[in-house]
Amino acid sequence: MPSTDAAARSFRESPWAKAAILVAVLIVAFGVSRSCGSSAGAVSQEEAVEIARGEIDYQPDGINVRNFPRGIPPRRLWAVKLYTGTQSDPGRMTEVVIDAETGDVLSVRREAR
């Protein structure tokens with residue numbers, strides 16, 4: 001009668017067992033990447049634009065929106081740039097940085113020509 005260690009070893013060395021272990025590891029890695037890699041946060045891009053519009057007193061000709069991580073541990077932020085004129089030659093420009101989880105305005109930078 002084979003020992004339990006020998007039976008366990010032969011199972012681990014079989015091609016099916018190796019494939020099952022690989023699939024299990026990939027499923028776990030996928031789950032971790034989905035939970036840790038949230039790209040946007042609770043505040044949508046449209047909501048971020050509306051929050052940024054509340055910081056200006058003019059009608060923008062254009063809007064540029066970016067979502068990016070900052071800090072350790074990384075926190076997702078929205079950077080919303082509202083401008084008059086063109087993006088390469090803005091007349092007035094306001095950049096609003098918004099926390100993508102809470103919707104809090106973290107900074108407002110205004111420029112005018």
Side-chain angles (χ1 to χ4, degrees):
M1 177 178 219
S3 71
T4 339
D5 290 338
R9 193 174 313 117
S10 67
F11 174 74
R12 284 192 309 257
E13 293 172 358
S14 74
W16 291 108
K18 288 180 180 180
I21 291 169
L22 177 63
V23 168
V25 167
L26 290 175
I27 289 171
V28 169
F30 178 75
V32 168
S33 72
R34 296 297 296 177
S35 66
C36 295
S38 173
S39 64
V43 176
S44 70
Q45 179 175 336
E46 292 78 20
E47 291 169 323
V49 170
E50 287 307 310
I51 293 168
R53 282 182 182 269
E55 297 293 325
I56 62 172
D57 60 355
Y58 59 90
Q59 180 64 36
D61 293 325
I63 300 170
N64 185 350
V65 183
R66 293 182 302 124
N67 184 272
F68 61 96
R70 180 180 287 166
I72 299 175
R75 182 101 176 158
R76 300 303 301 188
L77 303 176
W78 288 107
V80 182
K81 184 186 292 186
L82 305 115
Y83 56 90
T84 60
T86 64
Q87 188 171 358
S88 60
D89 186 26
R92 293 174 80 177
M93 190 277 300
T94 304
E95 183 178 61
V96 183
V97 177
I98 301 163
D99 187 305
E101 290 297 321
T102 64
D104 293 338
V105 174
L106 303 177
S107 69
V108 179
R109 183 173 61 98
R110 293 179 172 87
E111 292 180 11
R113 286 190 176 190

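Numbers here simply count residues along the sequence, with the first being 1.
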Worksheet entry | Results of side chain to side chain contact (heavy atoms under 4.5 Å, CB included) for Glu55 - residues two or more places apart only | Val96, Val105, Val108, Arg110
Practice prompt. Mind checking salt bridge (Lys or Arg N to Asp or Glu O under 4.0 Å) for Arg75 and listing every partner two or more places apart, or none if nothing turns up?
Written response: Asp99
Discussion item. Going by side chain to side chain contact (heavy atoms under 4.5 Å, CB included), name the residues that satisfy it together with Pro74, two or more places apart in sequence or in a different chain.
Written reply: Pro69
Worksheet item: Are Glu95 and Arg109 ion-paired here, with the side-chain N under 4.0 Å from a carboxylate O?
Response: yes
Discussion item. Tell me every residue that passes side chain to side chain donor-acceptor pair (under 3.5 Å) with Asp104, counting only those two or more places apart in sequence or in another chain.
Written reply: Thr102
Discussion item. Please give me the minimum heavy-atom distance between Ala100 and Asn67, naming the atom from each residue.
Written reply: CB-ND2, 4.2 Å
Worksheet item: Do Trp78 side-chain atoms and Ala52 backbone N/O form a donor-acceptor pair below 3.5 Å?
Response: no
Worksheet item: Looking at residues at least two apart in the chain, or sitting in another chain, which of them share a side chain to side chain contact (heavy atoms under 4.5 Å, CB included) with Asp57?
Response: Arg92
Item to complete: Start with the C-alpha gap between Asp61 and Thr86, add the side-chain angles, then the distance that decides, and say whether side-chain contact (heavy atoms from CB on, under 4.5 Å) holds.
Response: CA-CA 7 Å; Asp61 293 325; Thr86 64; over 6 Å; no
Worksheet item: Considering residues at least two apart in sequence or located in another chain, which fulfil the side chain to side chain donor-acceptor pair (under 3.5 Å) criterion with Glu50?
Response: none
Worksheet, complete the sentence: Sorted by chain and residue number, the salt bridge (Lys or Arg N to Asp or Glu O under 4.0 Å) partners of Glu47 (sequence neighbours excluded) come out as none
Response to the item:
Going by chain and number, the hydrophobic cluster around Tyr83 (ILVMFWY, side chain to side chain under 4.5 Å) further includes Met93
Item to complete: For Ile56, check side chain to side chain contact (heavy atoms under 4.5 Å, CB included) against everything at least two apart and list the hits.
Response: Tyr58, Pro60, Leu82, Thr94
